K.L.:
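I have a structure here, written as structure tokens, and I will follow up with some questions on it.
Fair warning: this is a prediction, and the values are worked out from it, not measured in the lab. The basis for the numbers below is simple: all heavy atoms, side chains too, and nothing from hydrogens, waters or symmetry mates. Just so you know, ligand 1 is whichever comes first in the structure, and atom 1 is the first atom listed for that ligand.
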Amino acid sequence: MTAAAERSGVSKHIAVVGAGLGGLRSAEQLRAAGHDGPVTVIGAEPHLPYSRPPLSKELLAHELLGGGGGAPEAAGAADDLGALHQRVAFRRRASVAGVTFRLGTAVTGTDLTSGTLALADGGTARFDGLIAATGLRPRRLTVPGPAGPGSGRHVLRTLDDMAALRAGLRAALRDAASLAPSAPVPSPPVLAPAGAGPATASGGLPRPRVVVVGGGFVGCEVACTARWLGCDVTVVEPAGPPMLRVLGAEVAAAVQASHERAGIGFVIGRAVIAYAGQDRVTGVVLADGTDADGSGFSGARIPAGQALAGAVLPADLVVEAIGSVPNTEWLASAGLDLTDGVLCDNSLAAHPAGRPWAVVAAVGDVARFPNPLFDDVPRRVEHWSMPTDTARRAAVTVTARLAGDPVDTTPFRPLPSFWSDQGELRMWSFGSPGLADEVTVAEGDLREPARGLLATYRRAGRLVGSVAVNLPPLRHRELREALLAQ
Ligand SMILES: Cc1cc2nc3c(=O)[nH]c(=O)nc-3n(C[C@H](O)[C@H](O)[C@H](O)COP(=O)(O)OP(=O)(O)OC[C@H]3O[C@@H](n4cnc5c(N)ncnc54)[C@H](O)[C@@H]3O)c2cc1C
């Protein structure tokens with residue numbers, strides 16, 4: 001028990017820092033675990049918890065082209081931040097009716113000895129137990145060139161990021177359309193398996209040029225959505241085919257080929273070294289190199305054989321999707337291991353050096369913990385399923401420790417899972433395919449992943465993951481069970 005709890009003598013106060021999915025689920029699960037004392041969820045964003053997956057997909061495209069199709073109208077009611085938030089806000093369950101949400105103020109510091117959090121607005125908040133649910137923020141490219149608001153460089157993590165990107169896409173689409181006022185307008189895009197989408201049927205309408213830097217899941221989703229909207233899209237990825245680390249080379253190449261057929265260009269194996277432009281980005285400057293046969297490119301922007309030193313991909317808008325950084329600075333003085341997130345044990349408890357009495361746990365994307373389903377190496381998992389699973393366990397741990405009860409030592413073996421909608425492909429991943437040393441295409445044809453594909457991933461012969469593309473949801477249960485049976 002902290003000094004603060006001893007002083008107060010009232011029921012224990014739990015602070016949850018971060019008001020995303022993990023923060024909301026933590027509050028719900030604290031109640032489910034029997035904690036009936038005060039709970040405060042403190043969030044840096046001004047919004048009540050909302051779902052992030054639609055930010056790169058349907059919400060980004062939502063009514064962007066207007067009811068009549070073709071060039072977008074000026075921003076309207078659909079762009080209002082409150083209206084956008086309502087479309088993705090999580091339902092507030094009755095169990096969190098008594099939970100206090102303190103929003104729009106970041107936690108900037110933590111004093112475990114006094115049980116006090118420092119807030120960016122100058123205030124403080126007290127706690128006996130603490131749950132860190134602060135997630136991640138986008139990593140930024142530190143290269144020369146225009147930067148900051150209005151520069152045309154975007155990232156995507158929050159609703160506000162999405163609103164800025166959406167406004168940028170709207171402006172770029174309108175600018176492009178104004179260059180060809182008499183050109184025929186395309187039909188509005190449909191966010192459903194749609195092959196090449198409207199961009200191929202634009203009848204000569206100029207397209208805004210969007211460059212997505214980074215070929216991970218978020219980058220590929222944004223690329224597909226921008227393509228649906230009628231943009232000319234190129235993904236730049238230095239490491240290899242998109243989502244290589246998770247999918248493995250063969251499946252990643254198959255996904256790339258599918259996206260290329262939908263009209264998305266890829267520049268693989270080249271890093272971005274600068275942005276061209278004065279106040280606004282006009283192009284992306286690629287690293288040195290020579291592409292002897294053009295194989296590193298598709299999208300045919302740079303002819304085969306051309307030296308790439310300083311080669312520029314023209315861009316009206318850039319989205320940087322080059323990975324994320326855990327939000328842990330507010331815990332810097334807490335004596336925790338903050339190497340790549342908050343290090344926890346298998347019960348999600350974090351152990352501050354020199355303060356064994358402190359009750360601290362972490363959940364969601366920011367938590368790094370060992371999962372005996374695979375091995376004893378602590379890892380962070382940036383999957384949708386994790387905030388809910390980890391919140392359930394962390395709430396039980398924190399509630400027990402505050403009550404002085406023994407902590408549940410049953411091994412916590414959550415099965416990671418996530419989905420990704422990319423053009424005509426709906427991918428579902430179970431387990432941790434990224435750990436595998438062997439990939440097998442168990443079903444389907446790599447040349448036609450849209451017709452259904454199943455890849456299984458093994459490490460030292462043991463199944464550690466599977467990726468299903470366009471397989472019916474009925475199959476998912478069987479894939480999950482195969483992994484849990486390991
Ligand atoms: C664009 C996008 C698309 C995605 N699509 C998919 C998908 O299709 N499928 C899938 O499985 N997963 C997807 N994900 C991943 C999924 O959304 C995340 O795994 C999930 O949101 C993690 O939840 P979290 O609560 O751990 O973190 P977050 O949702 O990031 O919440 C953390 C919150 O903490 C706040 N915070 C940070 N620092 C502080 C501080 N110092 N003080 C107070 N508050 C703070 C942040 O502002 C944020 O609101 C997507 C993610 C993004 C960004």
K.L.:
Between ligand 1 and Glu45, is the shortest N or O to N or O distance under 3.5 Å?
P.N.:
yes
K.L.:
Using the ring of each side chain (for Trp, its six-membered ring), is Phe430 parallel, tilted or perpendicular to Trp428, with breaks at 30° and 60°?
P.N.:
parallel
K.L.:
By the definition side-chain contact (heavy atoms from CB on, under 4.5 Å), identify the one residue from Val39, Val398, Leu348 that meets it with Ile131.
P.N.:
Val398
K.L.:
So for ligand 1, is Lys57 a polar contact partner (N or O within less than 3.5 Å, distance only)?
P.N.:
yes
K.L.:
May I ask you to check whether Thr110 and Trp330 show a side-chain donor-acceptor distance below 3.5 Å?
P.N.:
no
K.L.:
Within the 4.0 Å heavy-atom shell around Val17, which atoms of ligand 1 are there?
P.N.:
42 (N), 43 (C)
K.L.:
Examine ligand 1 and decide if any of its atoms is less than 4.0 Å from a heavy atom belonging to Leu21.
P.N.:
yes
K.L.:
On a heavy-atom basis, I'd like to know which of Arg52, Glu382, Glu329, Glu221 is closest to atom 28 (P) of ligand 1.
P.N.:
Arg52
K.L.:
Judged on heavy-atom distance to atom 23 (O) of ligand 1, which of Gly18, Pro387, Ala321 sits nearest?
P.N.:
Pro387
K.L.:
Find all atoms of ligand 1 within a distance of less than 4.0 Å from any non-hydrogen atom belonging to Ile42, and give their numbers and elements.
P.N.:
43 (C), 44 (N)
K.L.:
Consider every N or O of Val107 and every N or O of ligand 1, then say whether any pair is closer than 3.5 Å.
P.N.:
yes
K.L.:
Describe, in one word, how the ring planes of His259 and Phe266 are oriented to each other, choosing from parallel (under 30°), tilted (30 to 60°) and perpendicular (over 60°).
P.N.:
parallel
K.L.:
Under 4.0 Å from a heavy atom of Gly364: which atoms of ligand 1 are those, numbered in the order shown and with their elements?
P.N.:
26 (O)
K.L.:
Which ligand 1 atoms does His383 reach within 4.0 Å, using its non-hydrogen atoms?
P.N.:
19 (O)
K.L.:
Does atom 2 (C) of ligand 1 have any protein heavy atom closer than 4.0 Å?
P.N.:
yes
K.L.:
Which ligand 1 atoms, with their elements, are less than 4.0 angstrom from a heavy-atom of Ala133?
P.N.:
32 (C), 33 (C), 34 (O)
K.L.:
Does any N/O atom on Ala44 come nearer than 3.5 Å to any N/O atom on ligand 1?
P.N.:
yes
K.L.:
Got the closest protein heavy atom to atom 12 (N) of ligand 1, with its distance?
P.N.:
Trp384 CB, 3.7 Å
K.L.:
Looking only at protein heavy atoms, which one is nearest to atom 9 (N) of ligand 1, and how far off is it?
P.N.:
Trp419 O, 2.8 Å
K.L.:
Would you check whether Thr105 has a nitrogen or oxygen atom less than 3.5 angstrom from a nitrogen or oxygen atom of ligand 1?
P.N.:
no
K.L.:
Would you please test Phe369 and Phe412 for ring-ring contact (aromatic ring centres under 6.0 Å, His included) and show each step?
P.N.:
CA-CA 10 Å; Phe369 65 97; Phe412 175 56; 5.8 Å; yes
K.L.:
Distance-only, no hydrogens or angles: does the Asn470 side chain make a donor-acceptor pair with backbone N or O of Glu424 under 3.5 Å?
P.N.:
yes
K.L.:
Under 3.5 Å, is there a donor-acceptor pair linking the side chains of His383 and Ser417?
P.N.:
no
K.L.:
Please collect all salt bridge (charged side-chain N to carboxylate O under 4.0 Å, His left out) contacts where either partner lies in residues 334-352, sequence neighbours excluded, each pair once.
P.N.:
Asp337-Arg368, Asp340-Arg380
K.L.:
Considering only the protein, which heavy-atom contact is closest to atom 14 (N) of ligand 1, and what is its distance?
P.N.:
Pro53 CG, 4.2 Å
K.L.:
Does an N or O anywhere in Arg157 fall below 3.5 Å from an N or O of ligand 1?
P.N.:
yes
K.L.:
If you measure from atom 36 (N) of ligand 1 to every heavy atom of Val218, Thr134, Val222, which option wins on shortest distance?
P.N.:
Thr134
K.L.:
Measure the distance from atom 24 (P) of ligand 1 to every protein heavy atom, then report the residue, atom name and distance (to 0.1 Å) of the closest one.
P.N.:
Gly22 N, 3.9 Å
K.L.:
Is NZ or CZ of Arg25 both nearer than 6.0 Å to the six-membered ring centre of Phe90 and within 45° of the ring axis?
P.N.:
yes
K.L.:
Within the side chain of Tyr50, is there an N or O that forms a donor-acceptor pair under 3.5 Å with the backbone of Leu159?
P.N.:
yes
K.L.:
Output the list of atoms in ligand 1 that are nearer than 4.0 Å to some heavy atom of Phe418, sorted by atom number.
P.N.:
10 (C), 11 (O)
K.L.:
Has Glu320 got a side-chain atom pairing as donor or acceptor with Leu141's backbone, closer than 3.5 angstrom?
P.N.:
yes
K.L.:
Can you see whether His47 engages Asp160 through a side-chain donor-acceptor pair at a distance of less than 3.5 angstrom?
P.N.:
yes
K.L.:
Below 4.0 Å, non-hydrogen atoms only: which portion of Phe217 touches ligand 1? Side chain, backbone, both or neither.
P.N.:
neither
K.L.:
Between Asn327 and Arg137, is the side-chain hydrogen bond (donor to acceptor under 3.5 Å, both in side chains) condition met? List the steps.
P.N.:
CA-CA 7 Å; Asn327 290 318; Arg137 64 179 178 275; 2.7 Å; yes
K.L.:
Would you find more than 12 non-hydrogen atoms of other residues, nucleotides or ligands less than 6.0 Å from Glu478 atom CD?
P.N.:
yes
K.L.:
Using a strict 4.0 Å cut-off to heavy atoms of Trp330, name the atoms of ligand 1 that fall inside it.
P.N.:
41 (N)
K.L.:
Just which atoms of ligand 1 are under 4.0 Å from any heavy atom in Gly135?
P.N.:
27 (O), 30 (O), 32 (C)
K.L.:
Verify, without hydrogens or angle tests, whether Arg31 (side chain) and Ser26 (backbone) share a donor-acceptor contact under 3.5 angstrom.
P.N.:
no
K.L.:
Among all protein heavy atoms, pick the one closest to atom 19 (O) of ligand 1 and tell me residue, atom and distance.
P.N.:
Asp365 OD1, 3.0 Å
